[in-house]
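First the structure, in the form of structure tokens, and then the observations on it.
First the proteins, then the strands, lettered A, B, ... as listed; each starts at 1.
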Amino acid sequence: MQQIPIMLAKAGMVLAKDVFRGGVPAGMPICGKDTVLTDALITRLDQMDVQTVYVDGHPVWEEGGQSIEEMLQALDKRFEKCREEPLNSMLYDIYKAHLTKSMGGEGGR
Amino acid sequence: MEDKRGELKKIIMDTKTLPTLPGVINKLNALSNNDKASVQEMAKIVSSDQVLSARILRLANSPSYGFYRVSTISNAMILLGVNVVKSLALSSSIFAIMEKNSVGLWEHSLGVGVAANLLARKLELPECEEIATAALLHDIGKVLVSLKCSEAEQEVLKLVRDRQIYMIEAERDIIDTDHAEIGGWLSKSWFLPEKLSEPISFHHDVIKSDNHRIKTSVVHIADVLIKASGFGNSGDSFVPVIQKVAWDTLKLNEQILAELVAEIEDKLVEVKNFSLEMMGE
Ligand SMILES: [Fe+2]
Ligand SMILES: [Fe+2]
């Protein structure tokens, strides 16, 4: 899941969270999680003062953002002292799978 | 060695320079022992603190509490519950202390608070808010070391870098105590309840926690998870070993852990923004 400015939203991206009018949860809900964005919908969201949306995967490269390789390397480094421990090793595998999925997921084209 | 520790305890606990809890917390705590304390009375106390009022309203209007628009403190307190408001008051004052000190540690603490809250809810434990508060405060001892003995702090950080060891090992080496014990001293001087002070004192040594082992276990696991995630900066760059006693106490398993990691990572995307927002205020 990634939060992106509406300007960078593209048709085909999938909403990871509900969107509210004005972007505030106290506002009226406009469209739900799992909605596939279209150009028309993006224009409408923009007109309704929605500034950012949460989308599936990690479709937009951020300034200073890490590549999946760099992320996995950092993960290895963090687990350097405890990989031998069975419970930690289980946690390592879970994190590795999570990172791979969230960076390469549906939105990661 | 005992001398060094005793001396340090004296320096750290010197009440003249010890951070104090703002009056609003003491007033709220005083009320809590009085069953007749009405929401209205509490709301009056809370309203006197603008920052706290703003945070409470923001939380009450957040999506996890539904879509109602809440605009008064007393309605917010009815919605959130008195305990949440007390936790929030406490964490808001801790934030004020930490903010000036270290953004990295504040983010780490916030992350551990979020992770502990998600874990406690997932396991359907009682007193989730208290657990989240304990988690938010778990490394408060580090703030104290940094405020009171910045030279020792620098030595600890250098040792951590040079020898690539865990921070707690370096602390024991250099100051003959550690941030968990120091956090315990501070909790006593603040008269925090045992359900908060025990997780703070024993989050690196769960087996020593006798009366609130479940809460301590949650905070320990949450600390490990946030270090694994790499969120914030606790001063440690290595993930600690998961303590078996905590794992068994909470009856965790691989499936729960995998679901939890996904939930935490989703939440942290929001927290990151929230934390940036708080910094900008
Ligand atoms: Fe700690
Ligand atoms: Fe920590």
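B/D178 and B/K142 are not joined by a salt bridge, as no carboxylate oxygen comes within less than 4.0 angstrom of a charged side-chain nitrogen.
Looking at residues two or more places apart in sequence or on another chain, you find no ring pair (Phe, Tyr, Trp, His ring centres under 6.0 Å) involving B/H212.
Proximity to chain B is limited to the side chain of A/K17, based on heavy atoms less than 4.5 angstrom apart. At a 4.5 Å heavy-atom cutoff, B/L252 makes no contact with chain A through either its backbone or its side chain.
Counting heavy atoms from C-beta on, the side chains of B/E265 and A/H98 come closer than 4.5 Å. Side-chain contact between A/L37 and A/K10: absent, with no pair of heavy atoms (C-beta onward) separated by less than 4.5 Å. Counting heavy atoms from C-beta on, the side chains of B/L257 and B/L225 come closer than 4.5 Å.
Contacts from residues 79-88 of chain A to chain B, taken as heavy-atom pairs separated by less than 4.5 Å, involve A/F79, A/E80, A/K81, A/C82, A/E85, A/L87, A/N88 in sequence order.
For B/H138 and B/H204, the distance between ring centers is not under 6.0 angstrom.
The aromatic rings of B/H179 and B/H203 are tilted relative to each other, their planes meeting at an angle between 30° and 60°.
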